[in-house]
Asks: 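The structure under discussion is supplied below as C-alpha cells; questions concerning it will follow.
Because the structure is predicted, anything quoted here is derived from the model rather than measured.
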Amino acid sequence: MRHLNKYRKLNRTSAHRMSLFSNLVTSLFSYGHICTTLPKAKELRSIADKIISLGKSNTVHSRRLANKTIRNKTILKKIFNEIAPSYLSNTGGVTRIIHKGVRKGDAAPICIIELV
C-alpha cells in the first residue's frame, strides 16, 4: 500500500530535490518549455500548476509564497505580470508533457514539458 507516499524521491535528498525543482520550474517559466526525464516532468507539473495558481491572486502573500520556490526576481515578475493573467479562466492543466523517446546513454525516458 502507498500510504503517505505522495511524491517521487528521485534518489535524492530532500534539499537536493527542492533545489532541483526550484531550478527546473524557474527554467520552465523562463523558456516556456524544457526537456527533462519523465519522472521529473511529472513532479514538476504539480509545482508549476501551484505557482500559476499563486500568480492568479496577485497579493503580497502569494508573491512571498512563490518566492520560496522561484528565487529569480525577473522570472517572478514575469509570472505575476504576464504568465498567470493569461490563465485566469483556466482552473488547472497549464502544462503539457510530450514524450520524446529515450536517452541514448542510459535509456531514460525523455520528454518535453511546456506551458500550454
Asks: Could you pull out all donor-acceptor pairs under 3.5 Å where a side-chain atom in residues 76-87 meets a protein atom, sequence neighbours excluded?
Replies:
unit_1: Lys78; atom_1: NZ; unit_2: Phe29; atom_2: O; d: 3.3
unit_1: Lys78; atom_1: NZ; unit_2: Ser30; atom_2: O; d: 3.2
unit_1: Asn81; atom_1: ND2; unit_2: Lys77; atom_2: O; d: 3.3
unit_1: Ser86; atom_1: OG; unit_2: Ile83; atom_2: O; d: 2.5
unit_1: Tyr87; atom_1: OH; unit_2: Val116; atom_2: O; d: 2.6

Asks: What pairs with Ser22 under side-chain hydrogen bond (donor to acceptor under 3.5 Å, both in side chains), at least two apart in sequence or on another chain?
Replies: Arg71
Asks: How would you list, by chain and number, every residue that makes a side-chain hydrogen bond (donor to acceptor under 3.5 Å, both in side chains) with Ser62, sequence neighbours excluded?
Replies: Thr59
Asks: Working to the nearest 0.5 Å, report the span between CG of Asn23 and CG of Leu28.
Replies: 12.5 Å
Asks: Applying side chain to side chain contact (heavy atoms under 4.5 Å, CB included), can you list everything that pairs with Ile110, at least two apart in sequence or on another chain?
Replies: Cys35, Thr37, Lys100, Arg103
Asks: Between atom CG of Asn5 and atom NE2 of His3, what is the distance when rounded to the nearest 0.5 Å?
Replies: 9.5 Å
Asks: Do you reckon Ile97 sits in the same ILVMFWY cluster as Leu10, going by side-chain contacts under 4.5 Å, direct or chained?
Replies: yes
Asks: Name all residues meeting the side-chain hydrogen bond (donor to acceptor under 3.5 Å, both in side chains) criterion together with Asn58; count only those two or more places apart in sequence or in a different chain, and write none if there are none.
Replies: Arg63
Asks: For the NZ atom on Lys56, are there more than 12 heavy atoms of other groups (residues, nucleotides or ligands in this structure) within a distance under 6.0 Å?
Replies: yes
Asks: Report the distance from atom CG of Leu115 to atom CD1 of Ile52, rounding to the nearest 0.5 Å.
Replies: 6.0 Å
Asks: Applying side-chain hydrogen bond (donor to acceptor under 3.5 Å, both in side chains), name anything that partners Thr74, two or more places apart in sequence or on another chain.
Replies: Asn72
Asks: Is atom CG of Asn11 surrounded by more than 12 heavy atoms (other residues, nucleotides or ligands) closer than 6.0 Å?
Replies: no
Asks: Drop me the distance from Ile70's CD1 to Ile51's CD1, to the nearest 0.5 angstrom.
Replies: 4.5 Å
Asks: Would you mind writing out the side-chain donor-acceptor pairs for residues 38-46 within the sub-3.5 Å range, not counting sequence neighbours?
Replies:
unit_1: Glu43; atom_1: OE2; unit_2: Arg8; atom_2: N; d: 3.4
unit_1: Glu43; atom_1: OE2; unit_2: Arg8; atom_2: NH1; d: 2.9
unit_1: Ser46; atom_1: OG; unit_2: Glu43; atom_2: O; d: 3.0

Asks: Supply the atom-to-atom distance Lys50 NZ to Leu65 CG, rounded to the nearest 0.5 angstrom.
Replies: 12.0 Å
Asks: How long is the span from the CD1 atom in Ile113 to the OG1 atom in Thr95, to the nearest 0.5 Å?
Replies: 4.5 Å
Asks: Go through the structure and list residues passing side chain to side chain contact (heavy atoms under 4.5 Å, CB included) with His33, not counting sequence neighbours.
Replies: Ile112, Glu114
